[in-house]
Amino acid sequence: DEPHYTNIINIINDEKDRYYKLFDELGFKYYKSSGNFVYVYVDKNNEFYEYLLKQYGVAIRAVRNNALRITIGKPEENELVLKGFKEFYA
């Protein structure tokens, strides 16, 4: 039903905004997405992938050129990824 989908889209967009705000604070280059993911360039992308997996059991996608593709999950899942960014890169 349309109100349900509109609500889901709004939640995804709010969660992406949380990522973009943190990326701005950390000085990371990123691309805004119209989908349900964020794409960001970072140093040590493979190491950060492993850190998140070991610390929080969360898997993201480390891609070439020191980039990460992160699917927007539930707010509590995104919180773990954001926390990991702050710990690893701050």
Side-chain angles (χ1 to χ4, degrees):
D1 99 297
E2 191 170 324
H4 173 73
Y5 291 117
T6 300
N7 183 50
I8 296 297
I9 290 168
N10 289 335
I11 291 170
I12 290 169
N13 287 333
D14 289 347
E15 290 299 304
K16 286 192 300 188
D17 287 341
R18 292 176 66 205
Y19 279 98
Y20 298 148
K21 180 180 178 197
L22 180 62
F23 296 160
D24 286 336
E25 290 172 8
L26 294 173
F28 293 152
K29 180 180 175 185
Y30 59 90
Y31 291 103
K32 290 196 173 186
S33 164
S34 58
N36 67 334
F37 66 91
V38 295
Y39 194 88
V40 60
Y41 292 95
V42 297
D43 291 329
K44 302 179 181 177
N45 66 333
N46 289 315
E47 291 90 339
F48 182 62
Y49 163 83
E50 291 179 16
Y51 177 80
L52 276 181
L53 196 56
K54 288 178 185 173
Q55 290 294 107
Y56 299 108
V58 176
I60 59 174
R61 184 174 296 175
V63 295
R64 61 186 206 168
N65 298 324
N66 285 323
L68 299 168
R69 185 190 184 281
I70 304 166
T71 301
I72 302 300
K74 296 176 184 176
E76 56 272 16
E77 295 166 333
N78 296 324
E79 186 60 38
L80 293 175
V81 177
L82 293 167
K83 183 178 179 182
F85 267 106
K86 292 173 189 173
E87 294 168 352
F88 191 85
Y89 288 106

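As a basis for the values below, the full set of heavy atoms in this structure was taken, side chains included, without hydrogen atoms, waters or symmetry mates. Note that the structure is a prediction, hence the values are computed from the model and not measured.
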Discussion item. Using 0.5 Å steps for rounding, measure from the CD1 atom of Ile72 to the CD atom of Glu15.
Written reply: 7.0 Å
Worksheet entry | Qualifying side chain to side chain donor-acceptor pair (under 3.5 Å) pairs, either residue in residues 35-49, two or more places apart | none
Discussion item. Using 0.5 Å steps for rounding, measure from the CD atom of Gln55 to the CD atom of Glu87.
Written reply: 6.5 Å
Worksheet entry | Residues forming a side-chain contact (heavy atoms from CB on, under 4.5 Å) with Asn7, sequence neighbours excluded | Ile11
Item to complete: Go through the steps to decide whether Glu77 and Val58 satisfy the test side-chain contact (heavy atoms from CB on, under 4.5 Å), and finish with yes or no.
Response: CA-CA 8 Å; Glu77 295 166 333; Val58 176; 5.8 Å; no
Practice prompt. Apply salt bridge (charged side-chain N to carboxylate O under 4.0 Å, His left out) to Glu79 and list each qualifying residue two or more places apart in sequence or on a separate chain.
Written response: Arg18
Item to complete: Identify the heavy atoms of Leu68 and Ala62 that sit nearest to each other, and give their distance.
Response: CD2-CA, 3.9 Å
Discussion item. How long is the straight-line distance from CG of Leu82 back to CD1 of Ile70, given to the nearest 0.5 Å?
Written reply: 8.0 Å
Pair up each side-chain donor or acceptor in residues 22-34 with any protein partner under 3.5 Å, not counting sequence neighbours, and list the distances.
unit_1, atom_1, unit_2, atom_2, d
Asp24, OD1, Tyr30, OH, 3.0
Asp24, OD2, Tyr30, OH, 3.3
Ser33, OG, Gly35, N, 2.8
Ser33, OG, Phe37, O, 3.2

Discussion item. Tell me which pairs pass side chain to side chain donor-acceptor pair (under 3.5 Å) where either residue lies in residues 57-67, with sequence neighbours left out.
Written reply: none
Worksheet entry | Phe48: ring-ring contact (aromatic ring centres under 6.0 Å, His included) partners, not counting sequence neighbours | Phe85, Phe88, Tyr89
Discussion item. If the condition is ring-ring contact (aromatic ring centres under 6.0 Å, His included), which residues does Tyr56 pass it with, not counting sequence neighbours?
Written reply: none
Item to complete: Just jot down the salt bridge (charged side-chain N to carboxylate O under 4.0 Å, His left out) partners of Arg69, sequence neighbours excluded, or say none.
Response: none
Worksheet item: Do Val63 and Leu53 sit in the same hydrophobic cluster, where Ile, Leu, Val, Met, Phe, Trp and Tyr count as joined when their side-chain heavy atoms come under 4.5 Å apart?
Response: no
Fill in: For Asp17, all residues meeting side chain to side chain donor-acceptor pair (under 3.5 Å), sequence neighbours excluded
none
Response to the item:
For residues 59-79, the ring-ring contact (aromatic ring centres under 6.0 Å, His included) pairs (sequence neighbours left out) are none
